[in-house]
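The structure appears right after this line, and notes come after that.
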Amino acid sequence: MSQHLPTAPYRGTRDFLPREMSVRQQVFHHLYEVIERYGFVRYDGPVLEAAEIYEAKSGREIADLQLYTLTDRGGRRLALRPEMTPSVARMIAANANSLQFPVRWYSHVNCHRYERPQRGRVREHWQINVDVFGSESPRCEVEIFELIHDMMASVGATRDMYVLRVNDRVLLEGILTHIVGVPAERIRQVSAVIDRWEKYPREQLLADATELGLTDAQFGRLEDALKADESLLANLPDDVIERSQLARILTGPAKDLVTYDPLIVRAFEYYTSTVFEVFDRDPANNRSLFGGGRYSDLVGLFSDRCIPGFGFGMGDVTLFDFLNTHGLLPQPRAEADIVVIPTQDTLYDAARAVAHQLRQAGWRTSLPLEPRKLGKEIGRADKTGARTVVILGPDDWSTGKIAVRNLTNGDQRTIEVQKVTSYIAELMSH
RNA sequence: GUGGCUGUAGCUCAGUUGGCAGAGCACCGGGUUGUGGUCCCGGUUGUCGUGGGUUCAAUUCCCAUCAGUCACCCCA
């Protein structure tokens with residue numbers, strides 16, 4: 001009685017078999033292409049980092065509860081990266097003296113968080129990270145927002161399927177300070193209440209606010225402020241508006257890229273002004289798809305230089321839920337375009353030569369590895385998705401000919417072997 | 001970390017007044033020797049998630065545990 005190891009992947013992690021991988025590759029290929037079209041260049045980095053880089057700025061929840069940590073043989077405390085932003089900030093700091101700012105960088109990496117798996121959330125996810133470093137200009141925001149819409153369009157999404165909700169912590173702070181009258185030391189806690197605004201009943205929010213020292217009148221002003229549109233910004237002092245990149249966007253021609261929403265807060269502590277989240281409009285995925293923001297100080301963890309960053313992370317789990325919900329997932333790609341089948345084992349080397357010719361011409365071509373009856377082999381070729389089979393039989397071959405069968409419509413023609421690539425090119429073109 | 005639901009062949013599932021397990025699909029082979037997608041025939045596959053308990057006997061009842069799933073917390 002043998003005891004085998006489990007075949008299931010570790011909880012919250014996923015195997016990607018070729019069929020799923022094909023779908024993923026197609027989707028990500030579209031995204032990479034759009035990102036690179038904006039002039040972003042790809043980087044990568046280690047999955048292990050010093051645990052400290054997350055404990056400083058990522059937020060208590062992540063550092064205390066969701067970090068995979070380990071101690072190496074030298075006693076160093078390490079963590080599996082739960083997100084990429086601290087890593088890229090580290091790389092920027094390390095290479096700041098040789099980079100020409102601003103830089104546009106992107107990556108696609110796996111990140112780990114120790115969480116309880118459920119819809120939209122696993123323990124290892126694959127996240128695309130897109131960041132601009134070295135510019136305070138609101139043009140960073142505009143460029144990234146435009147990029148996001150292009151990325152969504154590239155995978156088939158239309159603007160009615162999702163919404164890009166944007167806020168600015170500078171504006172939020174201004175509202176809390178100057179309109180609601182929240183003391184500076186309570187801003188963060190009140191922000192956390194706002195983060196939960198859409199999920200909690202009003203009584204709960206009121207109770208939380210009261211506990212933080214807000215009067216009923218203040219809570220009323222908070223409610224009104226959070227319901228208001230961008231006209232509210234007129235009530236804020238000039239110096240607050242001055243410090244906000246978003247305020248300038250909301251009054252300019254790029255305004256229609258985003259929806260201003262004072263409820264967007266985000267948990268990462270390192271965000272300093274603009275914050276945004278993309279939401280699926282379908283109620284089946286009632287959570288944010290992905291998001292990002294502006295962080296002025298993160299590079300400062302590693303260096304005296306102050307290099308601002310602005311960017312976002314897009315995780316695969318929520319993205320694929322979105323694509324699935326909207327029927328936007330592509331079909332897996334066929335394993336091969338063409339299968340070359342010898343009807344007798346003695347014709348294997350001849351088939352190999354024909355296959356080689358087709359591969360030289362760029363076709364994905366496979367040969368059976370085990371001898372089988374022709375009918376079986378054609379059936380197998382069909383199931384793998386090949387649209388064409390080339391059949392080598394002794395009679396045809398002795399006169400320099402082969403049979404080419406179109407599996408889509410069953411048409412078959414016997415042609416001279418020298419013409420195989422041009423004939424198939426013609427066949428595949430429609 | 002908290003709570004609800006679920007756990008039988010590779011997949012989707014059926015299977016109780018407790019008696020040593022089934023279907024469809026998939027996979028493999030055959031229906032005469034070089035022609036698939038339909039049809040017919042045959043075959044492989046399960047410690048009934050795991051460990052205990054009750055019982056003459058448990059897939060079926062009880063407990064625990066693990067896993068999946070949904071919600072909460074939080075977030076991507």
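Just so it is clear, the values below take in all heavy atoms, side chains as well, and ignore hydrogens, waters and symmetry mates. In what follows, chains are A, B, ... by sequence order, proteins preceding strands, each numbered from 1.
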Taking atom C1' in both B:U17 and B:A57, compute the distance separating them and give it to the nearest angstrom.
-> 16 Å
For residues A:Arg266 and A:Asn167, is any side-chain donor paired with an opposing acceptor at under 3.5 Å?
-> no
Taking for each residue the nucleotide of RNA chain B with the nearest heavy atom, is it A:Leu374 or A:Glu115 whose nucleotide lies nearer the 5' end?
-> A:Leu374
Aromatic rings A:Phe219 and A:Trp197: how do their planes relate, parallel, tilted or perpendicular, breaks at 30° and 60°?
-> tilted
Given the rule that a pair is Watson-Crick or G-U wobble with both distances under 3.5 Å, how would you write RNA chain B in dot-bracket, using | for pairs to a different strand?
-> (((((((..((((........)))).(((((.......))))).....(((((.......))))))))))))....
Salt bridge (charged side-chain N to carboxylate O under 4.0 Å, His left out) partners for A:Asp131, two or more places apart | none
What is the ring orientation for A:Phe310 with A:Phe276, classed by angle as parallel under 30°, tilted 30 to 60°, or perpendicular over 60°?
-> tilted
Whole angstrom value for the distance that separates C1' of B:G1 from CZ of A:Arg113 | 17 Å
Rounded off to whole Å, could you give me the CD1-to-P distance for the A:Ile264 and B:C74 pair?
-> 15 Å
Kindly indicate whether the side chain of A:Arg405 and the base of B:G36 share any N or O donor-acceptor pair separated by less than 3.5 Å?
-> yes
Between B:C62 and B:G29 - P atom distance, rounded Å | 46 Å
How far does the C1' atom of B:G19 sit from the matching atom of B:U59, given to the nearest Å?
-> 12 Å
Closest to the 5' end of RNA chain B, once A:Leu407 and A:His125 are matched to their nearest nucleotides, is A:Leu407
Sugar-phosphate only, base, or nothing, as touched by A:Tyr10 at under 4.0 Å among non-hydrogen atoms = nothing
Pair A:Tyr200, A:Asp208: side-chain N/O donor-acceptor within cut-off below 3.5 Å = no
Between B:G42 and B:G51, how far is it from one C1' atom to the other, in whole Å?
-> 40 Å
So does A:Gln412 reach the base of B:U35 with its side chain, donor to acceptor, closer than 3.5 Å?
-> yes
Whole-Å gap separating P (B:U35) and CD1 (A:Ile391) = 9 Å
Among B:C70, B:U69, B:G36, the one nearest A:Pro117 by side-chain distance = B:U69
Which part of the nucleic acid, if any, lies within reach of A:Gly315 when heavy atoms closer than 4.0 Å are counted: base, sugar-phosphate only, or nothing?
-> nothing
Parallel, tilted or perpendicular: rings of A:His108 and A:Phe28 (30°, 60°) | tilted
Applying side-chain hydrogen bond (donor to acceptor under 3.5 Å, both in side chains), name anything that partners A:Asn409, two or more places apart in sequence or on another chain.
-> A:Asn406, A:Asp411
Could you state the atom-to-atom distance from NZ of A:Lys376 to P of B:G36 in whole Å?
-> 10 Å
Figure out the CD/P separation between A:Glu377 and B:G29, and round it to whole Å.
-> 9 Å
On a whole-Å scale, what distance lies between the P atoms belonging to B:G49 and B:G10?
-> 13 Å
What's the CG-C1' distance between A:Asp396 and B:U35, to the nearest Å?
-> 12 Å
Parallel under 30°, tilted from 30 to 60°, perpendicular over 60°: which one fits the rings of A:Phe312 and A:Phe290?
-> tilted
Across the strands shown, which category fits A:Arg119 at heavy-atom distances under 4.0 angstrom: base, sugar-phosphate, nothing?
-> sugar-phosphate
B:A26 phosphate, OP1 or OP2, under 4.0 Å from A:Lys383 side-chain N/O | no
Checking only heavy atoms, does the side chain of A:Arg372 share a donor-acceptor pair with the base of B:G29 at less than 3.5 Å?
-> no
Intermediate values then yes/no, side-chain contact (heavy atoms from CB on, under 4.5 Å), A:Phe279 and A:Tyr162 | CA-CA 5 Å; A:Phe279 281 80; A:Tyr162 65 94; over 6 Å; no
Spacing of the C1' atoms in B:G15 and B:C48 (rounded, Å) = 10 Å
Name the closest nucleotide to the A:Arg266 side chain, picking from B:G36, B:A76, B:C74.
-> B:A76
Quick one: label A:Gly393 by what it contacts on the DNA or RNA (base, sugar-phosphate, nothing), any heavy atom closer than 4.0 Å.
-> base
Checking B:C74, B:C27, B:U35 against the side chain of A:Ile378 (C-beta onward), the nearest is B:U35
In whole angstrom, give me the gap between the P atoms of B:A71 and B:C39.
-> 40 Å
Remember a base hit wins even if backbone is also touched, and classify A:Thr408 as base, sugar-phosphate or nothing at under 4.0 Å, heavy atoms.
-> base
Measure the distance from CG on A:Asp15 to P on B:C11 and round it to the nearest whole Å.
-> 13 Å
What does A:Arg196 touch in the nucleic acid at a heavy-atom separation under 4.0 angstrom: a base, only the sugar-phosphate, or nothing?
-> sugar-phosphate
Check every atom of B:G36, B:C28, B:A76 against the side chain of A:Arg387 and return the nucleotide holding the closest atom.
-> B:G36
Quickly work out the A:Asn406 CG to B:G36 P distance and round it to whole Å.
-> 15 Å
Determine the interplanar angle of the A:Tyr270 and A:Tyr295 rings, folded into 0 to 90°, and report it as parallel if under 30°, tilted if 30 to 60°, perpendicular if over 60°.
-> perpendicular
Indicate, with a heavy-atom threshold strictly under 4.0 Å, whether A:Gly12 touches base, sugar-phosphate, or nothing.
-> sugar-phosphate
Against the side chain of A:Arg116, the closest entry in B:A76, B:U2, B:C27 is B:U2
Between B:G37 and B:C28 - P atom distance, rounded Å = 13 Å
Using a heavy-atom cut-off of under 4.0 Å over every strand shown, decide if A:Val339 touches base, sugar-phosphate, or nothing.
-> nothing
